[in-house]
2 protein chains.
Amino acid sequence: MSRQQTQQKIMDAAESLFAETGFNDTSLRQITSRAEVNLAAVNYHFGSKKELIQAVLQRYLQVVMPRLNEEFERLLARQRANQLMDVLAVFVRPLLELNEVKPQGTTLFLQLLGRGYTDTQGHLRRFISQHYGSVLNKFVLLVQQSCPRLDAAEIFWRLHFSLGTIVFTMASSEALFDIAEADFDEQPDIEGVIRRLLPYLAAGISAITIQPEQLDTITDASS
Amino acid sequence: MSRQQTQQKIMDAAESLFAETGFNDTSLRQITSRAEVNLAAVNYHFGSKKELIQAVLQRYLQVVMPRLNEEFERLLARQRANQLMDVLAVFVRPLLELNEVKPQGTTLFLQLLGRGYTDTQGHLRRFISQHYGSVLNKFVLLVQQSCPRLDAAEIFWRLHFSLGTIVFTMASSEALFDIAEADFDEQPDIEGVIRRLLPYLAAGISAITIQPEQLDTITDASS
DNA sequence: GTACATTTCAAACGTACGTTTGAAACTGGA
DNA sequence: TCCAGTTTCAAACGTACGTTTGAAATGTAC
């Protein structure tokens, strides 16, 4: 079997298991057994489990990140500020194109991204911000331009709120899909979820800032 | 040492470690060592690690859930539908009262809740919905009443989006606090984050629903 | 076909985990 | 004081993990 074949079999088996169970709760023995390769193959081909995790994510990141970078640059080159919804919508196409990389690619990638942030995998956060920090900074800049009302701190928090929404939804998407199917007769797919996500995120990010006094008023009024 | 003292020392040590590192990545040896009790004490007093996790959460749930239940009942008894913001604001006071149960109680509880949903701890989700499902159903009903425009499926998704925001923010709140402090000279506390969260969540949940055609328009327009 | 490098394989390594055990140390009431 | 009941303790158990090892198998170039 060629070097590439083995590596690919390992990464294919690993990514689905990682997406289902998380990184820490997936063992190399599960991975190599599903991939039908020897246990030692992971360490031989990737060095360590940590490096395998990075390789699995890198396979998608190296496709989607240059695409996002293009889109961000294009929006930044415009004369006037973009609508927030337009900035967010930029993600849709590159993400859905991951389905051409491999079947279920979009779902897998987003689930993996979710695991990367919820599992204790500090090295993954570092890996991403080291390799793609400049791309993500362009996105933040675009959001700032589209929401001039909001100061940097507010945008920082709201973007992390949004990251939480995405990451949590994708990490538990399997369970959510099951419930949606059982309770609402939906046949939800990843595109449907993204469609539901965008207006939610856009409204949240551009929400009117509340003053402390106002919040107290509301809290008091209901007591 | 009395039964209660030991159990409390274990739960105190466990909850902070769980909040920092997650359930699966915190070992009984770390817990008993920090609590200065024997390793076997956890199994003697709680039966198993799983039951310790539930006990740690239960300590907060049994305080906050009856309070929330009261508030929900009160809002449900009103003649006309409540504002969404009022419904959400109901959480603020009961959550902040957890700081009186013990120092940092609010933060700890929300972090633990976050871990419960992001770690692979299916038993916790089951535990909560078994014990407090009826309370949470009242909340869903209140949201539905305050957003008559939205159908049940849309509310289902948006409430889970919101859950993701809360859970993710709290699970990584330590890191977020550090960044906010370094980059924006904030001294963020849990109350400040809640203050930032409410308008974001309210705006997201009550966002205007987008039609598929409109989304395509936006996606196309930006290409 | 031989010599070399690459890849696979079964086995073992050391470590860490949750849990169990049985004896020792306590406790409070008769 | 004694004793039953409770709680602590050090030690061990069995299991699973990521990684390493060295020999066997496979592939490749001449």
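The sequence lines fix the lettering, A, B, ..., with proteins before strands; numbering per chain opens at 1.
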For C:dT7, does OP1 or OP2 lie under 4.0 Å from any side-chain N or O of A:Thr6? no
OP1 or OP2 of C:dT8 under 4.0 Å from side-chain N/O of A:His45: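 So the side-chain polar atoms of A:His45 do come within 4.0 Å of the phosphate oxygens OP1 or OP2 of C:dT8, strictly under.
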Listed once per pair and sorted, the ring-ring contact (aromatic ring centres under 6.0 Å, His included) pairs that draw on residues 162-195 of chain A, sequence neighbours left out: A:Phe184-B:Phe156
Quick test of your reading: applying ring-ring contact (aromatic ring centres under 6.0 Å, His included), list the pairs with at least one residue in residues 25-52 of chain A, sequence neighbours left out, ordered by first then second residue.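 Those involving residues 25-52 of chain A do not exist here.
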side-chain hydrogen bond (donor to acceptor under 3.5 Å, both in side chains) with B:Thr32: which residues, sequence neighbours excluded?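 So B:Thr32 forms no side-chain hydrogen bond (donor to acceptor under 3.5 Å, both in side chains) with any residue.
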With sequence neighbours excluded, tell me which residues meet side-chain hydrogen bond (donor to acceptor under 3.5 Å, both in side chains) with B:Gln144.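 Not a single residue meets the side-chain hydrogen bond (donor to acceptor under 3.5 Å, both in side chains) criterion with B:Gln144.
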Measure CD/B:Gln5 against C1'/D:dT6 and give the value in whole Å, please.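 Going from B:Gln5 (CD) to D:dT6 (C1'), I get 15 Å.
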Residues two or more places apart in sequence or in another chain: which of them pass side chain to side chain contact (heavy atoms under 4.5 Å, CB included) with A:Leu76? A:Lys138, A:Leu141, A:Leu142, A:Gln145
Sugar-phosphate atoms are those with a prime plus P, OP1 and OP2; base atoms are the rest. Using that split, label each nucleotide of nucleotides 11-20 of chain D B, S or - for protein heavy atoms under 4.0 Å, 5' to 3'. -B----BBBB
